[in-house]
Amino acid sequence: MTTTIAAPTVPDVQVTPERLMQFAWGYSIPLILEAALRHGIFDLLDNGPMNLDALAGATSASPRGLSAIINVLVGLNFLSKDPHENYSLTPESSAFLVSTKPSYMGGMIRHTSQQLLPNWLKLNEVVATGKPVNSVNQEKQGGEFFHEFVADIFPMSYAPAQALALHLDLASGTPASVLDLAAGSGVWGIALAQSAEQVSVTAVDWPEVIDVTKKTVARFGLTGRYTFVEGDLASADFGAGHHVATLGHILHSEGEARSRALLEKVYNALAPGGTIAIQEFLVNADRTGPLNGLIFAVNMLVNTDDGDTFSFEEISSWLIEAGFVDPRTLSAPGPSPLILATKP
């Protein structure tokens, strides 16, 4: 006599196409936000509620066009609308989408249509070939790209740079030399220089970008404490004896081989006891999340020769290979915690 074992009952899972339908229009949201930013809607509403006619008069945009995007922004809770048809900011848009505020995060969104999407539109071809549309990790193309881009993403890194400054506590009275690599807007060196008068900064970037660095540093009144070095990270002279080195969002565009070589070069430029600080869009060790890091890896596929996003475990192993000790994370505002390590 045989015994039949019944298969376990699997409850029916109700699936709907709702997510797919939302994703089909996913491109629309950053473009709507960009249109609102470029027409100054959030900045205008920071002064108080306005109705559609007032916004049209202040922006010189069409009432039809404004109405269409504003309705979506209300639906997304970036704006609110009262019974008298007046529009106002919400706490989220007030904090992050008003360009005059230090917490402004609209800089990257402002470049969606002209700098980011055109390359992404060729993703089918890029997946087939494995080759980027443009190599922004190369000086000619990258210099032009980042010249137009880095100033707008200053706020994205300012809060984590300030968190790093607070953690390092350089205000001990002893002179401290900071090496700011791929300096861009200068945000990392600026935050560290603001934290202590005896901090001096060496900023390294391509000639096209160093011009932006100099302007931003001058705006903060810190030019006298800066040395500017023009050149590619692989060939530029980093100097020696630095106490801190910052690499803010650079390893992902360099790729693994160049990143490992760069970390070794940074090790040689630091004084014993010096700290390296890295910010990246980290992914977990099995590359199942976080989603932002996984999406940014596709951005690197589209825009760089060998770029990618990496896990703490990967970067930690490269740091140890270069000679650093005690790779660790520092919680900070931003997409991921900072990675720190020490030169013994």
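Numbers here simply count residues along the sequence, with the first being 1. Computed from a predicted model, the values in this text were never measured in an experiment. Just so it is clear, the values below take in all heavy atoms, side chains as well, and ignore hydrogens, waters and symmetry mates.
A salt bridge links D308 with R287; the closest basic N to acidic carboxylate O contact falls under 4.0 Å.
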Output side-chain donor-acceptor pairs under 3.5 Å for residues 260-277, partner residues at least two apart or in another chain, one line each.
{"residue": "R260", "atom": "NE", "partner": "E321", "partner atom": "OE1", "Å": "2.9"}
{"residue": "R260", "atom": "NH1", "partner": "E256", "partner atom": "OE2", "Å": "2.7"}
{"residue": "R260", "atom": "NH2", "partner": "E321", "partner atom": "OE1", "Å": "3.3"}
{"residue": "R260", "atom": "NH2", "partner": "E321", "partner atom": "OE2", "Å": "2.5"}
{"residue": "K265", "atom": "NZ", "partner": "L233", "partner atom": "O", "Å": "2.9"}
{"residue": "K265", "atom": "NZ", "partner": "A234", "partner atom": "O", "Å": "3.3"}
{"residue": "K265", "atom": "NZ", "partner": "A236", "partner atom": "O", "Å": "2.6"}
{"residue": "N268", "atom": "ND2", "partner": "E264", "partner atom": "O", "Å": "3.4"}

Name the atoms and distances for all side-chain donor-acceptor pairs under 3.5 Å in residues 55-71, with sequence neighbours left out.
{"residue": "T59", "atom": "OG1", "partner": "L55", "partner atom": "O", "Å": "2.8"}
{"residue": "T59", "atom": "OG1", "partner": "A61", "partner atom": "N", "Å": "3.2"}
{"residue": "S62", "atom": "OG", "partner": "G65", "partner atom": "N", "Å": "2.9"}
{"residue": "N71", "atom": "ND2", "partner": "S67", "partner atom": "O", "Å": "3.1"}

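Between N77 and T90, the side chains place no donor N or O within less than 3.5 Å of an acceptor N or O (distance only, hydrogens not considered). Side-chain contact, T342 with R328: a donor N or O sits under 3.5 Å from an acceptor N or O. Counted by atom type alone, S177 and H242 present one or more donor-acceptor pairs between their side chains at under 3.5 Å. With hydrogens and angles left out, the side-chain atoms of S113 and E34 include a donor and acceptor closer than 3.5 Å.
Remark: the backbone N or O of V199 is paired with a side-chain donor or acceptor of R225 at under 3.5 angstrom. A donor-acceptor pair is defined here as one N or O able to donate and one able to accept, closer than 3.5 Å; no such pair exists between the side chain of T213 and the backbone of S185. A donor-acceptor contact shorter than 3.5 Å is absent between the side chain of E280 and the backbone of P335. Looking at S28, its side chain does come within 3.5 Å of a backbone N or O of W25 through a donor-acceptor pair. Here the side chain of H39 pairs a donor or acceptor atom with the backbone of A35 at under 3.5 angstrom.
Under the 4.5 Å side-chain criterion, counting only non-hydrogen atoms from C-beta, W188 is in contact with S157. When side chains are defined from C-beta on, L44 counts as touching M50, because their heavy atoms get closer than 4.5 Å. Within the 4.5 Å cutoff, side-chain heavy atoms of L301 are placed close to those of L123. Looking at P337 and L330, their side chains never come closer than 4.5 Å, going by heavy atoms from C-beta outward. No side-chain heavy atom of I41 sits less than 4.5 Å from a side-chain heavy atom of Y87. Inter-residue side-chain proximity for L117 and L31 is flagged as met; some heavy-atom pair is nearer than 4.5 Å. Inter-residue side-chain proximity for D205 and V150 is flagged as unmet; no heavy-atom pair is nearer than 4.5 Å. Between L97 and M105, the closest side-chain pair of non-hydrogen atoms is not below 4.5 Å.
Taking the ring centroids of F42 and F96, they lie at or beyond the 6.0 Å cut-off. For F310 and W318, the gap between ring centers is short of 6.0 Å.
Scored by the side chain to side chain contact (heavy atoms under 4.5 Å, CB included) test, E18 finds T16, Q22 as partners (sequence neighbours excluded).
In this structure, E313 CD and D286 CG are separated by 9.5 Å, a value rounded to the nearest 0.5 Å. Atom NZ of K122 sits about 7.5 Å away from atom CG of N134, to the nearest 0.5 Å. Residue S336 holds its OG atom at 8.5 Å from CG of N292, rounded to the nearest 0.5 Å. Of the inter-residue distances, the one linking F78 atom CZ with S94 atom OG reads 13.0 Å to the nearest 0.5 angstrom. Here the straight-line distance linking atom CG of L164 with atom CD of Q279 works out to 9.5 Å at 0.5 Å rounding. With values rounded to the nearest 0.5 angstrom, S316 atom OG is found 7.5 Å from I339 atom CD1.
Under a hydrophobic-cluster definition in which Ile, Leu, Val, Met, Phe, Trp and Tyr are linked whenever side-chain heavy atoms come within less than 4.5 Å, directly or via other members, I32 and L89 are assigned to the same cluster.
Relative orientation of the H252 and H249 rings is tilted, given thresholds of 30° and 60° on the angle between their planes.
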Could you walk me through whether K101 and D46 pass the side chain to side chain contact (heavy atoms under 4.5 Å, CB included) check?
CA-CA 10 Å; K101 295 185 177 180; D46 190 47; 3.4 Å; yes
